[in-house]
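Each remark here refers to the structure printed beneath this line.
In this text the structure is predicted, and so the values were computed from the model without any measurement. Below, chain A is the first sequence line, B the second, and so on; all start at residue 1.
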Amino acid sequence: MNLESILVAAVSEAVKTLYGFDAEANQIQLQKTKKEFDGDLTVVIFPFVKAARKSPEQAGQEIGEFLKKSNPLISGFNVIKGFLNLNISKSYWLKTLAEIHAAESFGIIFADENSKLMMIEYSSPNTNKPLHLGHIRNNLLGHSIAEIQQANGWKVVKTNIVNDRGIHICKSMLAWKLFGNGETPESSGLKGDHLVGKYYVIFDKHYKAEIKELMENGMTEEEAKKSASLILEAQKMLLAWENNDAEVRQLWEMMNGWVYAGFDKTYNQLGVSFDKIYYESQTYLEGKSEVERGEAMKAFYRREDGSVWADLTGDGLDEKLLLRADGTSVYMTQDIGTAKLRYNDYPINKMVYVVGNEQNYHFQVLSILLDKLGFEWGKSLVHFSYGMVELPEGKMKSREGTVVDADDLMEEMIETARETSQELGKLDNCTSEEIEAIVRMVGLGSLKYFILKVDPRKNMTFNPKESIDFNGNTGPFIQYTHARIKSVLRKATEQKIDFSSLNNNELDISEKESSLVQLLNEFPSVVRLAGEEFSPALIANYIYELVKEYNQFYHDFTILKEENPDLKQFRLVLSESVASVIKTGMGLLGIDVPERM
RNA sequence: GGUCCUGUAGUUCAAUGGAUAGAACAAGUGUUUCCUAAACACUAGAUCCGGGUUCGAUUCCCGGCGGGACUACCA
C-alpha cells in the first residue's frame, strides 16, 4: 500500500473514532504541503468541521494527535487554519529512495500479451509542401503520447496517413509541368519536399493572377475561381489520376518520391517514426466503396448532379459532401476507408487521431458517418485535438509566406546551441563527433521542450524573432542538470565510492533531501496522469520542478566532499535517481539528455 | 448568423474547488580559491467585467466584453 492510501485510511479512521463521521473517499483530501509550510503532506480539515462541531484548528489538532499516536510513519504535525500538515518520518523517505533506486524502470509499466492496443495517428502530411512548425507540434505530441501510453502499459501502433493524392497535389504537379522546365532536386539542389512546395506556391501565384484578370473582365470572384483555366486543368488532372492515366501517374510518383525523401530527412532529424504508414492513394477506393455501400443502405443520398452527401441535420450538423459530382473523392472519403482498413489490419482497442483543433468538426462528422455505416467502433474514435501554433501576428499562412519551416527551425536551434556552447567553452575537450551529437541534442531539446511544456489543448505563440531560450524553464536547463549529475557520478566512480545501494536507513537527512525523495516518488503517478490526460506537458512541468529542486540542493549541499560516508552515499544515490527520472521523463517527451554539456 | 475553443505579471507558460495565484524570460542586485555559473539567491510585477453555487472559485454555472477556430464539390 502506498503512503497516500495508508494516510487516507488513517484519516478515515480518525474522523470515525473522534467524531463518528463516515467520510466518503472524496472528502479526505490529501495534498502535497505547500513549500512555505512545514510538512510533507497536508490533510484538508474543512470537510470534517461540521461533524466535529469544532473549529478547523481544533479539529485539525485532534486529528493530528490521533494520527501521530496511531501511525509511526507520522513523525510530527502542525495545523494552520484548516490545514493539517503532516511530517513523514525520515526513515520512510530513506526506504522509499532505496526502492526507487533499485527499481528496474521506475515509473514505467510494460505491456504484456494481455495489454490493449492503441493505434495513434499523427503527422499526416500533405505531399504538396514541406513540414512547418505546426507539423512539428503535431509530430512531437504524437510521438510523445505514443511513448507515454506505452509507459502506461499499452501496446501502441504509431501510424501515419499520407495525404498523397487530391486536388492540392495536382496543383503542384500541374505547376511543375507548366513552369518547371524539368527541374529536379538534383538539378536545383533543393530538398525534394521544398522543391514540390515551391511549385505549389507557383500554382497559387498564377491562379490568383488568372482570377484577377477574369474579374477585370467582369466576372465575380466566385465565378472566376471556378472558371480559371488553371483550376480546371488541375481538376482534369485529378480525374485523370483517378482514372489511372499513365502519364499523370508517372509524374505523380516521381514528385511524391521527391517529397518522401525530404520528409524522411525531417522525421529523422525530429526523431519521430511510424510502425505503419497508410497512403491515401491506397485507401480512398475503400472509402469510395464504403460511401457507395452507405448510399445503397440509404445512410447517404445522391443528388441530381451525381454528388453523394450525408444528411447530418438530425445530429445537429450540416450536410456533408462525400463524393464530388465528377466522382472524385474528398478528404472525408479516404478517412472512412482508412479507418476501416486499420480496423481490419489490427485488433484496435482505442484509435487516437492527433489532429489540430481546426478539424474538430471533421472528426465529429467522421465519427457519425462511421457509425451510420454500421461500424460499432465508429463512435469510440478519439480525436486528440491540440491547439494551433501562432505567430505574434496571428496564424501562419503558407500562401502569405509566414510559415516557419520545420527544417530551417531545427537547423537554427542546433546552430544556436553550437554558438552558446562555444561562448561558454563547454565542449572544448570534446571530439567533433561528440560536439555534433551534443549541440544537436541541446538544440532539438530546446525546441521540443518549448513546444511540449505547453498544455496541448491550448494555442501557443511562437516568436521567430526571439530565439528559444536556453535558460530557465527550458530543455537545455534540464539537460544541463542531468549532465552535471552525471559528472559527479563519474567522479564518485573514479574515487571508487560505492553508491549501488543505501547502507544506512536511519540517517538524519534534511528537509530539502526528503522533499526531493518525495518528488521522485510522484513520478509514476505523473506518468499515469499524463497518459489519462494525453498531456506531455504534465511530464515536462514535473521534470522542471524536480530539476529546479535538485539544483537548489546541488547548490546548497556538497556531495563528494561530505564527510559522513553514509550521507555521501545517500546523496549519490539520490542524485543518480534524479538523473534517472530526468532521463526517463525526457525520453517520454522524445528528448535525449547528454552525459556532458 | 450558428457551433465550439479561449481570456492569469510587460512577454511566454503553471495552478485534482483549498492556505499569501506559482515559474521562466525581460528589468534591477548579489553569489565562484568549492562536485559544470546553461546554476543559485534577492527585489518589483497578474486572475477581462458583472452576477450565482460553496465554509472556500483562476477553476463550476449564467450574462456581458475581447481573441481564435470551424461552418467549402480545400485538406
Side-chain angles (χ1 to χ4, degrees), chain A residues 26 29 31 33-37 42 44-47 49-50 56 80-83 85 124 126 128 163 166-169 171 226 235 280 303 305-309 316-318 320-326 328 330-332 334-335 356-362 364 385 387-388 390 392 394-395 417 420-421 423-424 426 442 446 450 453-455 457-463 466 468-481 483-492 529 533 537-538 540-541 544-545 548 551-562 571-572 575 596-597:
Chain A
N26 63 4
Q29 294 177 44
Q31 54 189 252
T33 305
K34 291 211 164 200
K35 269 191 200 161
E36 57 265 42
F37 303 105
T42 295
V44 182
I45 298 301
F46 297 110
V49 295
K50 217 172 194 175
I80 297 170
K81 295 187 181 170
F83 299 90
N85 302 318
S124 311
N126 294 330
N128 62 335
N163 300 118
I167 188 73
H168 54 296
I169 311 293
K171 289 177 182 175
K226 282 184 181 163
Q235 282 163 355
E280 185 181 329
R303 288 188 182 167
D305 64 3
S307 57
V308 180
W309 296 73
L317 304 172
D318 296 324
K320 184 73 193 175
L321 175 83
L322 300 175
L323 284 176
R324 294 193 186 96
D326 66 4
T328 57
V330 291
Y331 185 44
M332 187 62 81
Q334 66 82 18
D335 247 347
N357 62 16
E358 57 191 354
Q359 292 191 37
N360 285 353
Y361 183 76
H362 175 82
Q364 206 183 340
S385 165
M388 299 287 99
E390 290 169 350
K395 209 184 164 186
T420 309
S421 297
E423 275 168 30
L424 298 171
K426 291 281 184 181
V442 173
S446 69
F450 176 82
K453 76 172 178 182
V454 180
D455 182 341
R457 289 180 294 269
K458 291 189 178 172
N459 287 0
M460 62 180 294
T461 309
F462 174 80
N463 189 344
E466 302 168 9
I468 297 171
D469 260 303
F470 282 19
N471 300 321
N473 187 358
T474 67
F477 169 73
I478 293 164
Q479 292 170 318
Y480 174 69
T481 305
R484 264 207 319 196
I485 295 174
K486 285 296 185 172
S487 173
V488 174
L489 297 179
R490 274 194 301 273
K491 290 203 162 76
L529 192 61
E533 306 270 319
L538 294 177
N541 290 328
Y544 174 64
E545 198 189 335
K548 202 171 150 52
N551 275 328
Q552 287 167 2
F553 161 75
Y554 182 94
H555 183 266
D556 295 342
F557 293 78
T558 154
I559 301 170
L560 294 172
K561 295 213 165 106
E562 169 56 44
R571 288 181 186 158
L572 285 165
S575 298
R596 64 187 86 224
M597 71 182 264

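- No donor-acceptor distance shorter than 3.5 angstrom exists from the side chain of N126(A) to the backbone of N128(A), with no hydrogens or angles considered.
- Rounded to a whole Å, the NZ atom of K34(A) is 8 Å from the C1' atom of rG18(B).
- Contact annotation: R324(A) reaches the phosphate of rC74(B) (side-chain N/O to OP1 or OP2, under 4.0 Å).
- Straight-line distance from the CD atom of E533(A) to the P atom of rA14(B): 13 Å, rounded to whole Å.
- OP1 or OP2 of rC40(B) sits under 4.0 Å from a side-chain N or O of N551(A).
- With the nearest nucleotide of RNA chain B identified for both S421(A) and L321(A), S421(A) has the one nearer the 5' end.
- Under the 30°/60° scheme for interplanar angles, the aromatic rings of F46(A) and F83(A) are found to stand perpendicular.
- Set against rA24(B), rU36(B), rG68(B), the side chain of E390(A) has rG68(B) as its closest nucleotide.
- At the heavy-atom level, T328(A) lies nowhere under 4.0 Å from the strands shown.
- At the phosphate of rA69(B), neither OP1 nor OP2 sits under 4.0 Å from any side-chain N or O atom of R457(A).
- Side chain of D469(A), nearest nucleotide from rC13(B), rU20(B), rC25(B): rC25(B).
- Stacking of F477(A) onto the six-membered ring of rA39(B) is not present when judged by under 5.5 angstrom between centres and under 30° between planes.
- Side-chain atoms of R596(A) never come within 3.5 Å of backbone atoms of S487(A) as a donor-acceptor pair (strictly under, hydrogens ignored).
- Side-chain proximity of R484(A) to rA38(B), rA75(B), rA39(B): nearest is rA39(B).
- Listed candidates were rU71(B), rU36(B), rA75(B). Nearest to the side chain of D318(A) is rU71(B).
- Look at CG on D455(A): it is 11 Å from C1' on rU6(B), rounded to the nearest Å.
- Between Y554(A) and rA39(B), no base-stacking contact is recorded for ring centres under 5.5 Å apart and planes less than 30° from parallel.
- Closest to the K548(A) side chain, of the nucleotides rA14(B), rC40(B), rA38(B), is rC40(B).
- Checking rC35(B), rA19(B), rC74(B) against every side-chain atom of I167(A), the shortest atom distance belongs to rC74(B).
- Here rU12(B) is the nucleotide among rA19(B), rU12(B), rA41(B) with the atom lying nearest to any side-chain atom of F450(A).
- Between the side chain of T42(A) and the base of rA19(B), at least one donor-acceptor pair of N or O atoms lies under 3.5 Å.
- The base of rU6(B) has none of its N or O atoms less than 3.5 Å from a complementary donor or acceptor on the side chain of K458(A).
- Where Q29(A) and Y361(A) each meet RNA chain B at their nearest nucleotide, the meeting point lying more 5' is that of Q29(A).
- Of the listed nucleotides (rC4(B), rC35(B), rA38(B)), rA38(B) has the atom at the smallest distance from the side chain of L424(A).
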